Number of protein chains: 2
Amino acid sequence: MAAAAPSKPEYPGKLLNAAAIAKPFQESIKADIRHRVDKNLPVPKLVGILAKPSSPSIAYAEWTRKACEDVGIKFTIWKTWDDSQDVEKFQTEDNSESLTNFGLEADVEDLILAANRDSSIDGIMVYYPIFCGRQDTYLQQIVDPRKDVEGLNFYYCWNMYHNVRWIKPSQMGSAPGATSEGDLRSQDVAANETVPAGFAKSILPCTPLAVVKCLEAAGLYDTHLPYGDRLQGKNITVINRSEVVGRPLAALLANDGARVFSVDIDSIVEFSKRPDDEGKQGLGFSKSKVVVEAHKQNTSARLRSAHLVSPCTYKDAESCVRVSDVVIGGVPSASYKVPTAWIKEGATCVNFSSEKNFESNVRSRAAQYLPAIGKMTVAMLQRNLLVRIPIF
Amino acid sequence: MAAAAPSKPEYPGKLLNAAAIAKPFQESIKADIRHRVDKNLPVPKLVGILAKPSSPSIAYAEWTRKACEDVGIKFTIWKTWDDSQDVEKFQTEDNSESLTNFGLEADVEDLILAANRDSSIDGIMVYYPIFCGRQDTYLQQIVDPRKDVEGLNFYYCWNMYHNVRWIKPSQMGSAPGATSEGDLRSQDVAANETVPAGFAKSILPCTPLAVVKCLEAAGLYDTHLPYGDRLQGKNITVINRSEVVGRPLAALLANDGARVFSVDIDSIVEFSKRPDDEGKQGLGFSKSKVVVEAHKQNTSARLRSAHLVSPCTYKDAESCVRVSDVVIGGVPSASYKVPTAWIKEGATCVNFSSEKNFESNVRSRAAQYLPAIGKMTVAMLQRNLLVRIPIF
């Protein structure tokens, strides 16, 4: 006899849906692809490189395939292993050593180089983590930056932190500061999304970009304010400061004018937009002449990062969350939960972790709650792919 | 009343000395500098960037200065803080937050960019760790590769793993496999150290290179064997598989013909030289067609790594050490010690950790023991500096 279904509590807050937010982006991607087909232009092709027969990676790869088929992007999966064998035993047996080490990096590297070389392939994504740490970072750097739709190359990383929006393809990979860049920054181009002649768009990393676009869709950006200031007056807590998501996300939000409390396991810092005139910074120690001179030169060469990092006014996560208009969770742990009691009445909560970082009653206080952003991340990946090969 | 000095035990093994090993390298560097001075050529200049007033970093920087003065290399330290203030309080107070976060990355980045731009500076070294993890890796990648004397740029990393010894400066930073490289490998040039016309020497990371040169000095390389096979027949255990030292070191030793047991906290793997004909590898699962095809193409394009990684024949550190002709310790922990009882009679033991990884009686079994390699690391750094600006 089935138990009666538990009555579902009704919360006033709105449940946001990444699929719905992704919809207009997917439509625009679809239209772009249709246009290419109509004009007999090549349809962009993405390759997904699967290093290990681990269930989550395989599921994610199949999901990317579906999302690409939906919009008309060609997609192919390259696996290191032969599918005709029984891979399930590799998923269940203790085979961590043979899978993570023996020849695996060489195989992944072989596939990345083959994809770099293959002119029919426009974009490469690799399903991480494979080895974790600097070994994965090494693999990310050997992907041809022109095909790096995930935006993981340090070249893009530097551009993001410095708000460099347009790049000269010929200068790709040159050392920052070593050459005169001749770039155009976002402050030059305002909200104008047209790529200037001779330039290409720089790539933003998919996941942070997806969060930004979700906040835009949720109405957090005030379009009456000038471009670059549209989060002005908003306090945002980001719980996670990983180099791949949390830190770039905090920087992007600060660049748009927000005051960002960046909470990590061992510290809390504040990200804010770098003011035009910095004045005296409240540093614990005063700066050397050489660093002051370097500041000055880099400022005039426009080579300084677009955000500032400073000690946080609030000393614990609770105090940050209590004053935040937006709370973003990215803690990869099933046991971590932001207590609903901390949430400011009417706040927006966004979860980008694979685990749920908010309690089930979060909408009793939050006005909006987005439990997952995966669909938007894939849409941003597709957008990055199309941006790399614009229709001229 | 002073206690009697403890009587020093006499061990049969020889105590090696990095200063003595470094001597001929320093002499050759000195001669090179003298030659430049005589010919009125510019004397190379190295800048050391100090992010934090931490005692070990300051000591290391002063030590580099001394080593540079000894051979005639110009050296200058750029600190982020003003020296006229009392920095000692920053070393003793709990100020981890203000020092590690507030504006510090922006300051270090400012100094790196200023050094990239400054044409009077030929080499840049940064005293790590600053933030650890991917944030330090990010800083390593913004150093102009032409001034990266530490060899930490991923471009050099890739070259090292693929035994690419000569580079075309114009192709620096291009994605591997994306362009035809037209490079010369070590197998082409044998032991010939002359840089071919139009090429420059690729840089090897200082610390692994220092260990290799110490083993050469200790007589472990059999000069009767062909170049590239001179460690043939030697078993070497490397305890540490960090991306910055342990893994590159294992690869370099394997490239020279050794069988390397790479021991890390969670696994043991074996590095060996990639055979000309690989045949069937004993993988736990069979490879996909796409990876086999990529292997083939990358092999003919000579884009495959020079070493293979396979499961280790021996399942624990003790078994590895017991059969090893050379044991190399790099564990950054004061409590970690390789038991002397494990050491094979007559083996050579080398410690590159800041802590002592061998017991005080190691020379009761080891024929040779090198307790520290710091002096050689600095000599290799200086060598990398000179290699970047050859006298034409």
Side-chain angles (χ1 to χ4, degrees), chain A residues 78-83 85 87 90 95 97-99 101-103 105-107 109-111 113-114 116-117 133-135 137-138 141-145 154 157-158 173-178 243-244 267 269 281 283-291 294-295 297-298 303-305 308-311, chain B residues 78-83 85 87 90 95 97-99 101-103 105-107 109-111 113-114 116-117 133-135 137-138 141-145 154 157-158 173-178 243-244 267 269 281 283-291 294-295 297-298 303-305 308-311:
Chain A
W78 286 0
K79 301 171 181 174
T80 62
W81 69 95
D82 177 9
D83 242 352
Q85 67 201 307
V87 293
F90 296 108
N95 61 337
E97 190 185 80
S98 66
L99 280 188
N101 291 303
F102 186 27
E105 185 181 78
D107 286 348
E109 198 172 312
D110 269 326
L111 291 179
L113 295 193
N116 282 351
R117 189 170 42 227
R134 205 178 191 261
Q135 203 172 351
T137 308
Y138 164 83
Q141 306 314 307
I142 66 170
V143 170
D144 188 334
F154 280 106
C157 201
W158 197 87
S174 65
E243 286 298 305
V244 174
S267 61
V269 294
Q281 289 179 38
L283 262 183
F285 55 97
S286 61
K287 299 193 180 200
S288 63
K289 283 207 188 71
V290 64
V291 96
H295 283 196
Q297 286 186 20
N298 290 333
L303 287 172
R304 305 208 68 207
S305 68
L308 283 176
V309 182
S310 50
Chain B
W78 285 0
K79 302 171 181 174
T80 62
W81 70 95
D82 177 9
D83 242 352
Q85 66 201 306
V87 293
F90 296 108
N95 61 336
E97 189 185 80
S98 65
L99 280 188
N101 291 304
F102 186 27
E105 185 181 78
D107 287 348
E109 199 173 312
D110 269 327
L111 291 179
L113 295 193
N116 282 351
R117 188 170 42 226
R134 204 178 191 261
Q135 203 172 351
T137 308
Y138 165 83
Q141 307 314 308
I142 66 170
V143 170
D144 188 333
F154 280 106
C157 201
W158 196 87
S174 65
E243 286 297 305
V244 174
S267 61
V269 294
Q281 289 179 39
L283 262 183
F285 54 97
S286 61
K287 299 194 180 200
S288 62
K289 283 207 187 71
V290 64
V291 96
H295 282 196
Q297 286 186 19
N298 290 334
L303 287 172
R304 304 208 68 207
S305 68
L308 283 176
V309 182
S310 50

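Every chain is numbered from 1, with letters handed out A, B, ... down the list of sequences. Since the structure is predicted, the reported quantities are computational estimates derived from the model, not experimental observations. We use all heavy atoms of the structure for the numbers below, so side chains are in, but hydrogens, waters and symmetry mates are not.
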If the condition is ring-ring contact (aromatic ring centres under 6.0 Å, His included), which residues does A:F154 pass it with, not counting sequence neighbours? none
Working to the nearest 0.5 angstrom, can you tell me the gap between B:D110 CG and A:K287 NZ? 7.5 Å
Please find the pair of heavy atoms, one from A:K79 and one from B:V290, that lie closest to each other, and give the distance. O-CG1, 3.6 Å
For B:S288 and A:W81 the tightest heavy-atom approach is CB-O, 3.1 Å
side-chain hydrogen bond (donor to acceptor under 3.5 Å, both in side chains) between B:Q141 and A:W158: does it pass, once the steps are laid out? CA-CA 10 Å; B:Q141 307 314 308; A:W158 197 87; over 6 Å; no
Mind checking side-chain contact (heavy atoms from CB on, under 4.5 Å) for B:A114 and listing every partner two or more places apart, or none if nothing turns up? A:A294, B:W78, B:R117
